[in-house]
There are 2 protein chains.
Amino acid sequence: MPDSLQRFKADIFQALAHPTRIAIVEMLRDGELPAGKLIERLGLEQANASQHFSVLRAKQIVVNRKEGNQVFYSLRSPLLVEVLDIMRRYFQAQLTETMAALEEIEKEQGAAR
Amino acid sequence: MPDSLQRFKADIFQALAHPTRIAIVEMLRDGELPAGKLIERLGLEQANASQHFSVLRAKQIVVNRKEGNQVFYSLRSPLLVEVLDIMRRYFQAQLTETMAALEEIEKEQGAAR
DNA sequence: CCATTATATTCGAATAGTCGAATATAATGG
DNA sequence: CCATTATATTCGACTATTCGAATATAATGG
């Protein structure tokens, strides 16, 4: 039933379905960074970070290169950044709706008093 | 560490991290459909479909309304459709890259012969 | 009222994901 | 060579997800 495009999409979404990995991707939007820097800035446990990097590598969301004993990660494509930006708009749209709904409720409660 | 926007994004990505749910969302892009139609067209097991709908409802990706004994589902926002469209571009870009890489390899193997 | 249709929920089994600790591996420098 | 740094992998424990079967609930029509 699922075609390969749908499977691909699901795989990418799965890879992004964790806030830590989103944070990593978002830090990389401005360019390549060493693993150590990502770990430090995001306050991650080293082993756990490595596991998250592994997920991102497996789905080819990031590219890595070695320099000495350091590994540098970068995003493979800027398209993912577009996806995240649309998500921000979606979040804001939802927030706006929720605020409007709350105001409506408060207005009704004010009138009922 | 993760802010609420990142958690939100991760939640939405999680909800989309299954090909069946992507297929459902894609069928809904053209407008509201009854559950039964979705189940029939996608060849889903009823109980499993219901579980997938439940995931989509929980994250407010879909809106549902009842009419008699039928439930109609629709997308809450067109922004998600944009996300899926970017993903298609991403897939195509990856495919193009893979093809190019394969051709490169074949060219090298041809030259090595 | 009862049988049928429509769909949600629960159940249990199996698999997958996530964490931190422990371990392994590679690179560096003294 | 060995200690240190950097990072990947494994382990084990726990949680989450997915499936189909079974069950529950609601609506419909005769």
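Lettering of chains follows the sequences in order, A, B, ..., and the numbering in each one begins at 1. Quantities reported herein were computed from a predicted structural model and do not represent experimental measurements.
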- Query: Does a distance-only test, which skips hydrogens and angles, find a donor-acceptor pair under 3.5 Å between the side chain of A:Q51 and the base of D:dT7?
  - Reply: no
- Query: Taking B:R57 for the side chain and B:V63 for the main chain, is one N or O donor matched with an acceptor at less than 3.5 Å?
  - Reply: no
- Task: Find the distance A:E67:CD to C:dT28:P and express it as a whole number of Å.
- Result: 10 Å
- State whether a side-chain donor-acceptor pair under 3.5 Å links B:R65 with B:Y73. no
- Hey, is the side chain of B:E45 pairing donor to acceptor with the base of D:dT18 inside 3.5 Å? no
- Take A:H18 and B:G36, find for each the nucleotide of DNA chain C with the closest heavy atom, and name the residue whose nucleotide sits nearer the 5' end. B:G36
- Taking B:R89 for the side chain and A:L79 for the main chain, is one N or O donor matched with an acceptor at less than 3.5 Å? no
- Let me see the working for B:D85 and B:R29 under salt bridge (Lys or Arg N to Asp or Glu O under 4.0 Å), right down to the final yes or no. CA-CA 11 Å; B:D85 286 344; B:R29 76 188 289 175; 3.0 Å; yes
- In Å, rounded to the nearest 0.5 Å, how long is the span from CZ of A:R7 to CZ of B:F91? 8.5 Å
- Query: Once you round it to whole Å, what is the distance between P of D:dT5 and CD1 of A:I39?
  - Reply: 15 Å
- Message: What's B:A47 touching, base or sugar-phosphate or nothing? Going by heavy atoms closer than 4.0 Å.
- Response: base
- Note on the structure: Result for 5'-nearest mapping on DNA chain C, choosing between A:A17 and B:N69, is B:N69
- Check the distance between C:dT9's C1' and B:L56's CG and give it to me in whole angstrom. 16 Å
- Under 3.5 Å donor-acceptor pair, B:Q14 side-chain atoms to C:dG17 base atoms: no
- Message: Check the phosphate of C:dC19 against A:N48, side-chain N and O only, distance under 4.0 Å to OP1 or OP2. Yes or no?
- Response: yes
- Query: Between C:dA6 atom C1' and B:N64 atom CG, what is the distance in whole Å?
  - Reply: 14 Å
- Query: Considering only side-chain heavy atoms of A:T20, which listed nucleotide, C:dT18, C:dC19, D:dT18, is closest?
  - Reply: C:dC19
- Any idea how A:H52 and A:H18 line up, ring-wise: parallel (<30°), tilted (30 to 60°), or perpendicular (>60°)? tilted
- Please report, rounded to the nearest Å, how far the P atom of D:dT18 is from the CZ atom of A:R7. 16 Å
- Euclidean distance, atom CG of residue A:L44 to atom C1' of C:dA21 [Å, nearest integer]: 16 Å
- Could you give the distance from CG (B:N64) to CZ (B:F53), rounded to the nearest 0.5 Å? 10.0 Å
- Message: Should the side chain of B:Q46 and the base of C:dA8 be counted as holding a donor-acceptor pair, with the cut-off at 3.5 Å?
- Response: yes
- Item | Dot-bracket pairing map - DNA chain D, Watson-Crick plus G-U, both contacts under 3.5 Å, | cross-strand | ||||||||||||||||||||||||||||||
- Item | N/O (side chain, A:R57) to phosphate O (OP1/OP2, D:dT9) under 4.0 Å | yes
- Find the distance B:F13:CZ to C:dT18:C1' and express it as a whole number of Å. 19 Å
- Roughly, in whole Å, what's the span from NZ in B:K66 to P in D:dA26? 8 Å
- Query: At under 4.0 Å between heavy atoms, what does A:Y73 touch on the DNA or RNA strands: base, sugar-phosphate, or nothing?
  - Reply: sugar-phosphate
- Item | Under 3.5 Å donor-acceptor, A:T96 side chain and A:Q92 backbone | yes
- So, is B:H52 close to the D:dC19 phosphate, meaning a side-chain N or O under 4.0 Å from OP1 or OP2? yes
